[in-house]
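Beneath this line is the structure, given in structure tokens, with notes to follow.
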Amino acid sequence: MSRWIIDHLWLIPAVPFAASLVILSLPNGRHKSAALLAVAGQIAALVMSFFAFLATLQVSGFRAVQNFTWFTFGDHALRLGWLLDPLAAVMLIMITLVGLCIFVFSIGYMAGDKNFVRFFAYLSFFSGAMLGLVISNSLLLLFICWELVGLASYLLIGFWIERPSAAAAAKKAFITTRIGDLGFFLGLLWLYGRSGNLLFYDGGNGCLESAGLAMLGASAVSVALLIFCGAVGKSGQFPLHVWLPDAMEGPTPVSALIHAATMVAAGVFLVARVYPIFSLGAIDGVTSSLTVVVWIGVITALMAALIAIAQADIKRILAYSTVSQLGLMMVSLGVGGVAAGMMHLLAHGFFKALLFLGAGSVIHGCHGEQDIRKMGGLRRLMPVTFSTYAIGMMALSGVPLFFSGGWTKEEILHVTADWPASRLPYYFLLAGVVLTALYMTRQIIYVFFGDRRAASQHAHESPRVMTMPLIVLASCAILFSVVLTPAWPWLHHYLTDEPAHFEFARLIQPTLFLSLVLVGAGVALGIGMYRKAGAQDRQRPADTDPLEFAQPQLFRFLENKMWIDELYARTVIAFSCLSARLSDWMDRHFWDRLVRGFGAVGRLFGTFATTVDERGINAGVDETTVGTRGLGRLMSAAHSGQIQTYLGVIAIGVLALLLFYAWLA
């Protein structure tokens, strides 16, 4: 079976793609058929991904490559290929498993939507594009799937296209990510120009192998930074993060798919995949490109965590937490912790999907309400949602021991502390740990504790088709920690091709206690600030955020996302609008008049040429023709055929000649 799956690896993305095409051909009312096809396609992809994962366990350092010629031009052949290695295998498992849970959840969440069939077609298309991206052995094929992922996100974010906010969010996401993708494409062209090969592995000549890397030389930094532009856009890193929170305008399952298993994971995966280019020529593990990755990640992680504290929309809080966690992963990659960053990406996929689907369950139970200030007291009304959401909250906050997110965050802190370039990123990440625990505690208190508010009065638990995926994801968030603990770091060694050994003593680490203290401090601070957030207070108005009451200017600054969107509106967008207006004015009043002027000159020359042609040349030719005809008639009359006339003419001619000679003499 392992040999078969290696030879047919392309079937993993092909099955969801095929399901998407079949679903699109169904009539709009075939809800059961659409859901069945989508779920069946995802199950098939999951089963094949599992067998692909088993194949990578056969030997240490497993890597299977299948390259093929796409087309030829002249003497050159453009080749693509599929790649199966531990990095691809674990991503396949996470994408298909999390995607399956989201698909099943969507059956209940989207049950009453009139475009149910189209929604599942888009979901399958999204899954297929991401799976194709993961198994690509060519940067060009990866870029093709990368753009398909962008198309799918555009379709799903703007799924409720009748809403102006959804249409605007879809356009914003598409345009913003295209800015990053332009840099990615330029990096791809530069890489091909230097190495002549876009295959990652090609018998020693791939662009990630020694021969290809040697050809890059000093240009590796520029190529890496251009490729990183694509990761910045897709993974919502500063300064291209502004699209990601607005993506909440799509249905909640879309938010879960984008923020957990597919789109945002693509940027982190890209940096991990082409890491040899980023690390080329490193001194003590530090290069210029990796340093940029680290500081972009630090800024993103801290900025998004601060903004999340002041948000009221349950999905936007989670969206900014995603931005923050992606920044954390980028820091890990930048300091050399590729395995740590990827482990956190995998763990994040499970618990962030759990949180988004849990938020969807809350929204469904509260009849569409998303403002956490209008909720409260839901833990008794929605016990399954509350229990699973609490597990996701603790995993995201980084609680160690029983939750996967705690161990992966601990690993990232560990590798960041050893970065030789600077200790500042480590201290900033410690602050981020406190902030994460704080805003997640704030959210869970507002939603599940305190008194019932307007949206909670008639709240109800979601149906089993929605709660079962929550239970599965919550179980994964806990059980996944088994292969992440320092006592048995199996996943870390699987990704780094090192043997794993069980050592219970490794659980006792100083950084573990530091993490517990920081998470505890964030939770305690959140409880202290928000445990009475819904109660009447003589000094603080009801439903007013305590931070807003204490620091209104700071809260307003964070609530408005640090005015970054407004800054863009007054700079980049204003410049674009000014350029557009200037171009319009130039087109209407300069280029149009210039073209009209050249047209008038052309018409003038045309009139002049017509006049000269008709009144000069044509008239002259006509008169010449008339004269020629008259001369011809005259000459014709002279040729009468009478000999005496000819002799008379000759006599006159001779007489004229004699007179002329006489005159000369």
Side-chain angles (χ1 to χ4, degrees), residues 31-32 35 39 98 100-116 119-120 123 159-160 163 248-257 259-260 311-319 351-396 440-477 530-531 533-535 542-543:
H31 290 196
K32 290 184 179 179
V39 172
V98 173
L100 178 60
C101 292
I102 294 171
F103 279 38
V104 174
F105 182 90
S106 300
I107 296 174
Y109 190 85
M110 300 294 292
D113 196 280
K114 61 181 180 180
N115 293 311
F116 183 94
F119 181 78
F120 275 89
L123 283 186
F159 182 75
W160 288 323
R163 300 181 182 178
M248 299 302 97
E249 293 294 336
T252 299
V254 173
S255 303
L257 199 60
H259 286 253
Q311 300 304 304
D313 187 305
I314 187 171
K315 289 168 63 177
R316 281 186 178 269
I317 296 171
L318 297 178
F351 64 71
K352 185 50 63 70
L354 168 62
L355 287 169
F356 266 109
L357 295 186
S361 180
V362 169
I363 295 168
H364 182 270
C366 293
H367 307 285
E369 183 57 62
Q370 296 185 198
D371 193 331
I372 62 173
R373 296 168 299 186
K374 298 179 181 179
M375 300 176 186
L378 292 179
R379 70 185 187 279
R380 293 188 179 90
L381 299 173
M382 307 180 71
V384 177
T385 300
F386 166 67
S387 301
T388 54
Y389 201 91
I391 292 173
M393 171 263 181
M394 288 184 280
L396 175 59
M440 287 308 298
T441 302
R442 168 183 179 264
Q443 186 192 56
I444 207 166
I445 288 176
Y446 262 118
V447 175
F448 294 102
F449 291 89
D451 301 328
R452 297 183 189 177
R453 304 182 189 92
S456 304
Q457 297 302 322
H458 303 286
H460 57 83
E461 183 62 275
S462 299
R464 291 188 63 184
V465 72
M466 295 173 65
T467 56
M468 286 304 297
L470 298 180
I471 295 172
V472 172
L473 290 171
S475 302
C476 291
Y530 295 101
R531 61 191 175 93
D543 297 333

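Any value given below was found using the heavy atoms of this structure, including those in side chains, with hydrogens, waters and symmetry copies removed.
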- Step by step, would you call R464 with V384 a side-chain contact (heavy atoms from CB on, under 4.5 Å)? CA-CA 10 Å; R464 291 188 63 184; V384 177; over 6 Å; no
- Message: Tell me whether R379 at atom CZ has more than 12 heavy atoms from other residues, nucleotides or ligands lying less than 6.0 Å away.
- Response: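 Check passes, neighbour count above 12.
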- Message: Run the side-chain hydrogen bond (donor to acceptor under 3.5 Å, both in side chains) test on D113 and W160 for me, step by step, so that the C-alpha distance in whole Å, both residues' side-chain angles and the decisive distance to 0.1 Å come before the verdict.
- Response: CA-CA 10 Å; D113 196 280; W160 288 323; 2.7 Å; yes
- Query: In terms of side-chain geometry, is the basic nitrogen of D371 or R373 positioned less than 4.0 Å from the acidic oxygen of its partner?
  - Reply: yes
Are [X] and [Y] close enough that some pair of their side-chain heavy atoms sits under 4.5 Å apart?
X	Y	result
T441	M393	yes
E461	M466	no
H460	L381	no
L396	K352	yes

So which heavy atom on [X] is nearest to which on [Y], and how close?
X	Y	value
Y109	T252	OH-OG1, 3.0 Å
V472	C101	CG1-SG, 3.8 Å
F116	I107	CE1-O, 3.9 Å
L354	A474	CD2-CA, 3.7 Å
M110	F159	CE-CE2, 3.8 Å
V465	G108	CG1-CA, 3.5 Å

If you look only at distance, which donor and acceptor atoms sit under 3.5 Å apart when one is on a side chain in residues 357-368 and the other is two or more places apart or in another chain?
unit_1, atom_1, unit_2, atom_2, d
S361, OG, T385, OG1, 2.8
S361, OG, S462, OG, 2.6
H367, NE2, H458, O, 3.0

- With rounding to the nearest 0.5 Å, note down the distance linking CZ in F105 to CG in L470. 6.0 Å
- Parallel, tilted or perpendicular for Y446 and Y530, by the 30°/60° rule?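 It falls in the tilted class, 30° to 60°.
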- Task: Determine the interplanar angle of the F120 and F103 rings, folded into 0 to 90°, and report it as parallel if under 30°, tilted if 30 to 60°, perpendicular if over 60°.
- Result: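 Rings of F120 and F103: perpendicular, over 60°.
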- Message: Measuring centre to centre across the rings, with the benzene-like ring taken for any Trp, is F351 within less than 6.0 Å of F356?
- Response: no
